[in-house]
Structures are given as C-alpha cells and as structure tokens.
Novice: 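Below is a structure I'd like to ask you about.
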Amino acid sequence: MSSKESCRIELRTAIRQLSDRCLYSASKWAAEQLVGIEQDPAKFTPSNTRFQRGSSSIRRRFRTNEITSTPPTGVAYVSTPVMEEDEAIHGDFYLLAKSYFDCREYRRAAHVLRDQTGKKSVFLRCYALYLAGEKRKEEEMIELEGPLGKSDAVNRELVSLERELATLCKNNTIDPFGLYLYGLVLKEKGNENLARKVLVESVNSYPWNWSAWSELQSLCTTVDILNGLNLSNHWMKEFFLASIYQELRMHNESLSKYENLQGMFTFSNYIQAQIAKARYSLREFEQVEVIFEDLLRNDPYRVEDMDTYSNVLYTKECFSALSYLAHRVIMTDKYRPESCCIIGNYYSLKGQHEKSVVYFRRALKLNKNYLSAWTLMGHEYVEMKNTPAAVDAYRRAVDINPRDYRAWYGLGQAYEMMGMPHYALHYFRKSVFFQPIDSRLWIAMAQCYESDQLHMLEEAIKCYKRAANCNDTEAIALHRLAMLHRELDQPEEAAFYYKKDLERMEAEEREGPNLVEALMFLATHYKTQKKFEEAEVYCTRLLDYTGPERETAKSLLRGMRIAQSGFPSMDVEHFHP
C-alpha cells in the first residue's frame, strides 16, 4: 500500500471519529488534508477533476527545491493503528445527547449522558459541560464589562472537570480525546507543565486530532520548550512543527516543512495558505499575492486567512483589489471576524479611520481574542492621535499573544508620540526581538535613539546598520547613516554611506534632495581629500541642476582648477555644455 493511500485511510477514519465526538474543527481540518492528497490518475472521473487544476504550477513556483512525494527521512508515513471504539452500540442516549450538543444545548446533552460510563459518552458529557461553562463565562463578561471589556469571569465547570478527568487519568480509564480535554482544562487553570505532558500523551496516542496539536502549540512559547517535547514520529508531527516554527518566527524552517508536506498533500489549500503566511512574514509580498490569488480561484468562498491577503493589498496600496476582496467576503460571510478586518483595512486605506475602527470593534465583538483586530485598531487610533485608546488596544493584543511584534511596535510608536522615548525604546526592543528581519522596526528604534531626550547617536547607527541589512525598502537607513557619521565628524564613513545611497538611488532611478545632498557631500569630501578626479565627476553631475547647488559645483570646480594649475581659474561652463 502506498504512503498516500495509508494517509487517506487514516484521515477518513479520523474524520468519522472526530465528527462523532463533535470535534468539528479538527474534523474539518482533517477533511481538507484528505482532499489535498493528490488523487490516483487512474481513478479520476470528470466530477473530481477539479483537483487536477492547472494552477498547481503556481503552488510549486516559489519552492526552493523540487519536492517529490517521498516522505522526509525518519518520518513514519505508514498507517498507525487506529483506536478501536469502546462501545459497539452507543445507544439512543448518545444520539440524543449529540443532537442536543449540535443545537448548542450543552447542559441538556451532559444531563442525558449522566449515567453513561463508556469512554465516548464520558468524553462528550465532559466536553459539553466545558462548553456550557465557556458559554456562561462569555455571558457574564458581556453582562459585567461589555463585549470588549476585561472581566474576572471564569469557567465554573473547570474545578469539577479537572477532578473527574484527573481520576480517570490516574485509573488509566481515559482515551486520547479525554486526555485532550484534560489538557485543555489544565491549560485554562494555568497548570501549563502538566497540560503539555497530557497533550503530548494525547497526540502520541491519537495523532489526527489537530485541535490537540493546536492547544499544545499554544503552550510552546520557546524553542527550548518545543525541543523538550517527547513526540512520536508521525506525519502529523510535521504539520505541528511547520505551524509552531511559524509561531516562533522561524519562518524559513516553517516554509521548508510546508514545502516538504506539499509533496504528499499537493492540493491542500491549508498548506498553500500557510506558505503564503510564512512568505508574508518574510515580506515577500509579490509572491504572497500570487499565492492568495491562486487560492481564491480554487476556493472562491474562503474567508479564513484572507485577512492576511488584505494586509498585503493594504501595504501595496491596491485600492481596487482590496475593494473587490472586501465585497467578496461581505457576500460570502459578512459577520466573520476576518471579514470585518478586511473591511476595516479597506476603510483605513481610504483614510476613513473612524469607520475602520467600527469594523475592527465589530470583529472583536465576534471574537474578543482576535489578535489582528486589536493590533489594527491600535494603528487606527494612532492615526487618529488617540494615544490612550491605542495603548489599550496594543496592550490587549500582547495579553493575547506576547510574541506579537506588531503590537509591541505599536506601543513604542504610541509612547514616542507622548514624548516618552525611554518607554518607547523598551517596546521597540521587544518588537525587534520577535521580528529581527523587519527594517521598519530597526529604523523606529534608531529614530528613538536620535530623539533630543536620548541623543544616543552611536546606538542609532547600530540600528540603522541592521535596517540596511534587512532590505530597507523605504530607503531611509543609508541616508541616515551618512548624515549621522557626518554629524559625528566621521567623513570617511559618511562618504561610504553616501556612495551606497547614491548607487541605490541610481539603480532605482530616483531623484530628489537626498541625491543632491549625496553629490554635494561627495564632491566636497573628495576635493578636501585632493582626489580631484572623483570630485570633478560629482561636481559635473551637479551642474545638471538649477539653484544653489549648481553655483556651489562651479565654485568647487574653479577651486580645483586653481589647486591643480596654480593659476587663476577659467570659466567652468566648458565642463557642462
């Protein structure tokens, strides 16, 4: 049996088992990977040829290496024994409870199963109680603080659930799904070490539950914690590592994992979206745009991850494309957090910041833990000069994810606006720690060092150097390096950076005051160094301009003629017909 066929069998079984336990998010994820496996050409019929779409070439276009369908060395792609159901017949009570659960009547579902002792029934009863507690917690939060307020409301079912699940675990009468729920409860109660241990046991016993992997990922905040996990070798582990590498800002490693997985799951929309997000983090916007366009052609009603696409369009100032995307998601599902964020980005790009905030707040009413909405709303408040509101939004973002560099950067900006550079510097340092490849963050920190209150120019130079090495697309770092060295009376270093800046402007065919400034400094510098040939080159170029720089260039050329000949200078107009 081929490895692909083994994966199909495993996933089909897992989808049934996950759906039967009402773990619909994990079931959906597994189903998406199932249809992502390249089909056997011999089995194709006209009804399923959509999986042989021509756009697969786009999926491979940005890979660093040619990927084959051979699994990575050391990863078990053979079928893992699928757990047996503990109850051959679950009976009418289970079917009734599941029906109540699907109708979001969680306490009724738990009550129906109160006397059932099978592992499957115990899991559904406990899971229903957990969700009933979460539902009540949300209601209390809205009643006490409003939909976006902070609250001390807790899930009141956690204590009894922890006690029951701990007893089942101790007596070895708990299945992998029960372990997943136990890990979730422990995480909610703040017992992260035990939660990790329990979740590892769950995914090792039953690796197809993506929800368990996702909870485990949220508990691995450092590479050291990740390396300390004792995970069994299974192809699902590769998905986990690819995802957590992205979360830990190891974007190249994440990209490599996903591209390897594409060898097996050639048509997985999930993998394609994750590759786009990894390349977005690497600021490869052109490639990200192509991938998302391909993704929307293949999955036209997709809303998930489209907020990242809208960020790319916003950054590139693609008004028409962002407008089309906003219209598209409104027609598909208007009241999804992602849809609200896309519409918020659209209004922000139009400069309608108040309307943009309305949509970001709407996204947060739908999901108060939606990280992007808090961060983007903070950006809008900065634009509106409402710094207290911006600070609050950014702080809520870092409460949700302390590794969100955009929120730390936003806090730095807000405190800089309030004239508090020491605080701003602290937050800028946090942002570059989590995203050291973004030139904008280094430039912001450098400008903070340059402020009148700090005036730490040597430190600013270090930051600008890092920015220049991080593909400074805004063309700020080289010019500022030249100016700072000039201010510190370091002419050789200043000349070095002015030349580099000049080369960049010439390559990009840019004109402007920075180019004139560079030519003026280099002409004067080389004249002072008695390198008259180099100085004459820059002076001659300055003669193309009108204004004081032209007269200065004439004066420099006249002075160089005097120095070279020892006689009064002739008119320098012959240097420039």
Side-chain angles (χ1 to χ4, degrees), residues 146-149 273 276-277 280-281 283 285-286 288-289 291-293 295-296 299-398 400-401 404-414 416-417 431 438 440 444 473-474:
L148 303 186
K277 288 164 75 173
Y280 172 75
S281 298
R283 301 186 62 75
F285 296 145
E286 296 293 336
V288 174
E289 189 175 5
I291 295 171
F292 273 121
E293 285 171 357
L295 189 59
L296 277 175
D299 192 0
Y301 300 103
R302 184 185 185 95
V303 175
E304 190 178 359
D305 303 314
M306 288 300 114
D307 51 338
T308 301
Y309 182 31
S310 78
N311 291 339
V312 173
L313 297 176
Y314 180 93
T315 302
K316 295 181 67 180
E317 298 185 359
C318 299
F319 284 92
S320 57
L322 185 52
S323 172
Y324 177 70
L325 179 64
H327 177 75
R328 192 169 187 159
V329 295
I330 286 172
M331 299 306 293
T332 301
D333 193 345
K334 184 177 181 179
Y335 293 105
R336 277 274 293 270
E338 296 93 336
S339 300
C340 294
C341 265
I342 292 166
I343 300 166
N345 269 341
Y346 168 70
Y347 282 116
S348 178
L349 191 58
K350 288 183 70 177
Q352 299 181 22
H353 302 297
E354 292 84 356
K355 204 161 186 178
S356 179
V357 166
V358 168
Y359 279 94
F360 290 135
R361 290 183 68 84
R362 184 176 293 176
L364 291 165
K365 286 178 182 177
L366 295 166
N367 178 5
K368 67 181 178 61
N369 290 324
Y370 190 41
L371 180 65
S372 292
W374 284 114
T375 305
L376 293 171
M377 189 164 72
H379 294 345
E380 295 308 301
Y381 282 130
V382 167
E383 292 292 333
M384 295 160 63
K385 308 296 188 223
N386 187 349
T387 47
V391 168
D392 182 63
Y394 290 135
R395 288 199 183 281
R396 295 292 292 270
V398 296
I400 295 167
N401 183 1
D404 181 23
Y405 76 92
R406 297 169 304 169
W408 291 117
Y409 171 66
L411 281 168
Q413 278 189 310
E416 196 170 34
M417 287 172 61
S431 70
D438 194 328
R440 298 169 303 168
T473 54
E474 296 176 3

Novice: Tell me, please, which residues at least two apart from Val382 pass side chain to side chain contact (heavy atoms under 4.5 Å, CB included).
Specialist: Ala390, Tyr394, Met417

Novice: To the nearest 0.5 Å, how far apart are CD1 in Ile343 and CD1 in Ile330?
Specialist: 3.5 Å

Novice: With a 4.5 Å heavy-atom cut-off, do Cys340 and Leu366 have their side chains touching?
Specialist: yes

Novice: Just to verify, what does Tyr335 make a ring-ring contact (aromatic ring centres under 6.0 Å, His included) with, not counting sequence neighbours?
Specialist: none

Novice: State the OG-CG distance between Ser372 and Asn311, to the nearest 0.5 angstrom.
Specialist: 6.5 Å

Novice: Among residues at least two apart in sequence or on other chains, which ones pass side chain to side chain contact (heavy atoms under 4.5 Å, CB included) with Ala397?
Specialist: Leu371, Trp374, Thr375, Asp404, Ala407

Novice: Going by the side chain to side chain contact (heavy atoms under 4.5 Å, CB included) test, name the single residue among Cys341, Ser310, Ser348 that passes it with Leu376.
Specialist: Cys341

Novice: Could you tell me which residues satisfy side-chain hydrogen bond (donor to acceptor under 3.5 Å, both in side chains) with Asp305, sequence neighbours excluded, listed by chain and number?
Specialist: Lys277, Arg302

Novice: Applying ring-ring contact (aromatic ring centres under 6.0 Å, His included), name anything that partners Tyr381, two or more places apart in sequence or on another chain.
Specialist: none

Novice: Could you work out, with side-chain hydrogen bond (donor to acceptor under 3.5 Å, both in side chains) as the rule, every residue matching Asp438, not counting sequence neighbours?
Specialist: Arg440

Novice: Taking C-beta and beyond as the side chain, do His353 and Val357 meet within less than 4.5 Å on heavy atoms?
Specialist: no

Novice: Looking only at heavy atoms, which two atoms of Ile291 and Ala276 are closest? And how far apart?
Specialist: CG2-CB, 3.7 Å

Novice: Just to verify, what does Phe360 make a ring-ring contact (aromatic ring centres under 6.0 Å, His included) with, not counting sequence neighbours?
Specialist: none

Novice: Please check this pair: side chain of Ser431 against backbone of Trp408, looking for a donor-acceptor N/O pair closer than 3.5 Å.
Specialist: no

Novice: Give me the one residue out of Phe285, Phe292, Tyr324 that meets ring pair (Phe, Tyr, Trp, His ring centres under 6.0 Å) with Tyr309.
Specialist: Phe292

Novice: With sequence neighbours excluded, what pairs up with Glu293 under the salt bridge (charged side-chain N to carboxylate O under 4.0 Å, His left out) test?
Specialist: none

Novice: Taking side chain as C-beta onward, heavy atoms only, is Arg396 less than 4.5 Å from Met377?
Specialist: no

Novice: Is there side-chain contact between Leu296 and Leu325, with at least one heavy-atom pair below 4.5 Å?
Specialist: yes

Novice: Of all residues at least two apart in sequence or in a different chain, which pass the salt bridge (charged side-chain N to carboxylate O under 4.0 Å, His left out) check with Glu380?
Specialist: none

Novice: Side-chain contact, heavy-atom cut-off 4.5 Å: Val329 with Lys334?
Specialist: no

Novice: Sequence neighbours left out, what passes side chain to side chain contact (heavy atoms under 4.5 Å, CB included) with Ser323? Give chain and number order.
Specialist: Tyr346

Novice: If you look only at pairs with a residue in residues 310-331, which of them pass as a salt bridge (Lys or Arg N to Asp or Glu O under 4.0 Å), with sequence neighbours excluded?
Specialist: Glu286-Lys316, Glu289-Lys316

Novice: My understanding is that only residues two or more places apart in sequence, or in another chain, count here; which of them pass ring-ring contact (aromatic ring centres under 6.0 Å, His included) with Tyr347?
Specialist: Tyr359

